[in-house]
Each structure stands twice: as structure tokens, then as C-alpha cells.
Number of protein chains: 2
Amino acid sequence: MSEVTPVLLDEQLCFSIYSASKKFNHFYQSALAPFKLTYPQYIALLALWEDAPLTVHQLGQRLELDSGTLTPLLKRLEKQGWVTRVRSRTDERQVLIHLTAMATAKRDEVYQRIGQCQTLLGMSDEEIETLMTDLITVKAQLDQVSHQRLIDKQVNLQK
Amino acid sequence: MSEVTPVLLDEQLCFSIYSASKKFNHFYQSALAPFKLTYPQYIALLALWEDAPLTVHQLGQRLELDSGTLTPLLKRLEKQGWVTRVRSRTDERQVLIHLTAMATAKRDEVYQRIGQCQTLLGMSDEEIETLMTDLITVKAQLDQVSHQRLIDKQVNLQK
DNA sequence: TCAAATAGTATTGTATACAATTAAATTGTC
DNA sequence: GACAATTTAATTGTATACAATACTATTTGA
């Protein structure tokens, strides 16, 4: 007999993560309001502060976002003075994203702000690390299953 | 001296969650492709399968989404035959979201499909429960801090 | 009772996301 | 060197998200 197990919203890990993600988003959006940065704009800057310049493609790999998302996002960051977009001279296909002097100058101010807000969360380094480790495991599983999908024909995810 | 701690993308809990959320989204979107359901549409149906009819407001509380998101989403679900939107006769302000016969008929098929995909993830109930508990803690912290923000003037999050 | 406040939904505007397509530049192969 | 295949961005179209506003129906208070 194929008894079907009910799927309850509150028992779904995906929903917990989805909901936590949105809350984090708002949290940082508020925290970064003085800089008029959205959360995705902020993580783009984080990646660039670590290692600029980057091509759109490289940034996309780092943030797991494609050009359809990044191109308009970077245009907005450019308009607000954080980055410049220059076509590479050695390979005209790529666009290099450079940080402006303003972005470099404001880096520590943003770092500090984020540091303050993280303190407010009151989570220990161990707690954070444990949670992140678990999330990495989940992500690895999701990647593996998505990859499997391309090979396995029995439980084919894609229509 | 105010030494500023660098903020590294890969050490950010928010980014782990953000990235995991997107991956889950794709995972379910693929899994539900036979039903042509997006992830947010799917969780709306989950809530309704548990307890329909619901007003837009009630559904919004359940999913933590507002009418700006739900109204168009529900119109799409209506267009595809999953729900009906009927203005309440007792209170003309509210719109009741009912499940169609098709939605009721397809419920178990969707439940089953989701069950299969969760099995693919290969996570134990304990693992899932632990992770969800931790996420609930984080969300509670975020809520508390956001609420604090409205009172505390010293580290004011909002500009 | 009726003006003011409140509640519920819809609309508008801005900003992601991402699939699919297009366009341009580069590379590999003969 | 020609040219097909590949790489990289940009564009287009659809679907969230959400703040802010508008609009209507209901409730409340003087």
C-alpha cells in the first residue's frame, strides 16, 4: 500500500533556510542602509575587496550568480560610485570590475559596521562554525543530487 | 587603536544560508517541474493543503510574504488551475484562497514526489532536526535584534 | 451617527534571480 | 588563414521580494 506521508511546511528544512535567508537579507539591508547597499550588492563588494579586479564571470562564480543578475547589479554599483566596468584590452569579451577610490576608502567603515551587527547577533564562533559546516554538507548533497539527475534515469528530477 | 577585522565572504553565515537557500530553490524547482510549480508557489500550496481556505493575509503570515508578492503569485496559481480567489461575503476586504479539485487531486502525487527527492538528499531525521533547531535560533536572534533596533538608539541599524 | 482610524488587498516601483537567447571575440583545427 | 566551436557579456522574459502607496470595507469613538 502506498501510504503517502503528508508534507508539513514547518518540518521542511528548505523552508527554514528560505525564511532564514530572507531575514538575514533584511538584517544586512538595514545595517547597510547608511551606505545604500542591498545585500547582493554588499556581497559583491565583499568579493571585490578580497580580490579586485574580477571579471563578471569570476565574480559570478564566487557569488553563484549569472550575468543576468550581475550585469544590472554592477551597473547600479557603478552608478553609485562603488565600481567601474572596463572592457579588458587583452580579451574584449570580458569586462573587468574595478573598485573605485571611494569603495576602497569606505571598506573599513563597512567592515566595522558589519562587525557591530554580527556582535548584536550574539552567536559564538563555535555556533557559527557548526552551522556553516552543516550547511556546507547540505549544499554538497544538493549539488551531488543535481549532478546525479543528469545521469540517473530512474528518479529523473527534470521533466 | 581600532584595528578593523576583515570580512571574508566564505566566513559569512549569511552567505552560507543565502547560497543554500538558492540551491534548495533550484532543487525543488527541478523536482516540481512536472507540475510546473516554482518553489514559492509550492510552499503556498503546502500551506493550503494543510489548512484551506486561507485569506491572503493568513497565507502571508504563514509564508512570511506580503500581498505585493502573494497577489501576483496567487493569480498565477489561479490561472494554472490550482486555486480560486473569492472575496469573502462576511468581510468584503478579505480574499479567500480555496484549493481547486485539481489541487486536491494532485496533492498526494506532489507529496510523493517531494518524499522521493528528500530521500535523495540522504539526511537523517536527526541531522535535519538539529539543523532546523539551529536555524530557528538564528532567526529568533535576527527577529530580536530587528526589534531591538526600534528601541535602542546607540547602535541604530536603520539609517 | 458619522468622521477618523484601522484592516485587508491591490498596485507601483525598484531590485534581485535565472533560463534562454543573442552578439561579439577568441581559440582550435585543418 | 578560414571557419566552426567555444567563451563571455548582455539582453529578454518571467517570477519572486518588498517598501510605499492607494483604495475599499469595516470598526471605533465622540
Side-chain angles (χ1 to χ4, degrees), chain A residues 14-15 18-30 32-33 36-44 53-61 63-80 82 85-97 146 158-159, chain B residues 14-15 18-30 32-33 36-44 53-61 63-80 82 85-97 146 158-159:
Chain A
C14 58
F15 187 64
Y18 168 73
S19 153
S21 177
K22 286 195 299 174
K23 275 199 168 51
F24 252 122
N25 215 300
H26 300 159
F27 176 63
Y28 279 107
Q29 208 110 339
S30 290
L32 297 167
K36 291 191 206 284
L37 289 172
T38 65
Y39 178 70
Q41 288 168 5
Y42 157 68
I43 56 169
L54 289 173
T55 66
V56 174
H57 184 73
Q58 288 169 329
L59 188 56
Q61 287 194 313
L63 306 180
E64 300 174 63
L65 292 171
D66 73 4
S67 70
T69 303
L70 284 178
T71 298
L73 185 155
L74 292 168
K75 283 182 178 172
R76 282 186 283 270
L77 279 181
E78 184 177 44
K79 203 158 122 191
Q80 309 208 343
W82 294 94
R85 299 160 62 249
V86 256
R87 214 158 265 282
S88 161
R89 244 170 304 181
T90 60
D91 187 339
E92 289 274 347
R93 289 172 305 180
Q94 6 190 47
V95 170
L96 283 166
I97 311 300
S146 299
Q158 200 77 266
K159 178 202 63 202
Chain B
C14 56
F15 186 64
Y18 168 73
S19 152
S21 176
K22 287 195 299 174
K23 274 198 169 52
F24 252 123
N25 215 300
H26 300 159
F27 176 64
Y28 279 107
Q29 209 110 340
S30 290
L32 297 167
K36 291 191 206 287
L37 289 171
T38 65
Y39 179 71
Q41 288 168 4
Y42 157 67
I43 56 169
L54 290 173
T55 67
V56 174
H57 184 72
Q58 289 169 329
L59 189 57
Q61 288 194 314
L63 306 180
E64 301 175 63
L65 293 171
D66 73 4
S67 70
T69 303
L70 283 178
T71 297
L73 185 154
L74 292 169
K75 283 183 179 172
R76 281 186 283 270
L77 279 181
E78 185 177 42
K79 202 157 121 192
Q80 310 208 342
W82 295 94
R85 298 160 63 249
V86 257
R87 215 157 265 281
S88 160
R89 246 170 304 183
T90 61
D91 186 340
E92 289 273 347
R93 288 172 304 181
Q94 19 192 33
V95 171
L96 283 166
I97 311 300
S146 298
Q158 199 77 266
K159 178 203 64 204

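Residue numbering restarts at 1 for every chain, and letters A, B, ... go by the order of the sequence lines.
Chain B approaches DNA chain C over the interval C:dA7 to C:dC18, counting the first and last nucleotide 5' to 3' with an atom under 4.0 Å from its heavy atoms.
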Set out, line by line, the N/O atom pairs under 3.5 Å between protein and nucleotides 3-5 of chain D.
none

Contacts under 3.5 Å, N or O only, protein and nucleotides 20-28 of chain D:
{"residue": "D:dT26", "atom": "OP1", "partner": "B:E92", "partner atom": "N", "Å": "3.2"}

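Looking only at side-chain heavy atoms (C-beta outward), B:V56 and B:Q94 stay at 4.5 Å or farther from each other.
If you find the closest nucleotide of DNA chain D to A:K22 and to B:Q80, the one lying nearer the 5' end belongs to B:Q80. Each of A:R76 and B:T55 was assigned the nucleotide of DNA chain C with the nearest heavy atom; the assignment lying further toward the 5' end belongs to B:T55. If you find the closest nucleotide of DNA chain D to A:K75 and to A:Y18, the one lying nearer the 5' end belongs to A:K75.
Under the side chain to side chain donor-acceptor pair (under 3.5 Å) criterion, B:Y28 pairs with B:Q118, not counting sequence neighbours.
Test A:Y42, A:F24, A:Y39 against B:Y18 for ring pair (Phe, Tyr, Trp, His ring centres under 6.0 Å) and you get one pass: A:Y39.
For the atom pair CD (A:Q61) and CG (A:L65), the distance works out to 12.0 Å, reported to the nearest 0.5 Å. Note that the CG atom of A:N25 and the OG1 atom of A:T38 stand 8.0 Å from one another [nearest 0.5 Å].
What you find for A:K23 and B:E64 is that their closest heavy atoms are NZ-OE1, 2.7 Å. Taking both residues in full, the closest heavy atoms of A:P53 and A:L96 are given as CB-CD2, 4.3 Å, listed atom of the first, atom of the second, then distance. In plain terms, the two heavy atoms of A:L54 and A:Q58 that are nearest each other are CA-OE1, 3.5 Å. Shown here for A:L63 and B:F15, the closest heavy-atom pair between the two residues is CA-CZ, 4.0 Å. Residue B:Q41 comes nearest to B:L37 through the heavy atom pair OE1-CA, 3.6 Å, listed as atom of the first residue, atom of the second, then distance.
Among the atoms of the strands shown, base atoms are found under 4.0 Å from some heavy atom of A:T69. Among the heavy atoms of the strands lying under 4.0 Å from B:L65 are primed sugar atoms or P, OP1, OP2 only; no base atom is included. A:E64 comes within 4.0 angstrom of sugar-phosphate atoms only, judged by non-hydrogen atoms across all strands, and of no base.
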(request) Walk me through it: do A:F27 and B:C14 pass the test side-chain contact (heavy atoms from CB on, under 4.5 Å)? (result) CA-CA 10 Å; A:F27 176 63; B:C14 56; over 6 Å; no
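Inter-axis angle, ends of the helix from C:dT1-D:dA30 to C:dC30-D:dG1, five pairs per end, rounded to 10 degrees: 10°.
Put simply, the side chain of A:K36 never gets that close to the backbone of A:Q80: no donor and acceptor are under 3.5 Å apart.
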Check residues 69-78 of chain A and write down every donor-acceptor pair under 3.5 Å in which the side-chain atom is one partner and the other belongs to a residue at least two apart or another chain.
{"residue": "A:T71", "atom": "OG1", "partner": "A:S67", "partner atom": "O", "Å": "2.9"}
{"residue": "A:E78", "atom": "OE1", "partner": "A:R85", "partner atom": "NH1", "Å": "3.4"}
{"residue": "A:E78", "atom": "OE2", "partner": "A:R85", "partner atom": "N", "Å": "3.2"}

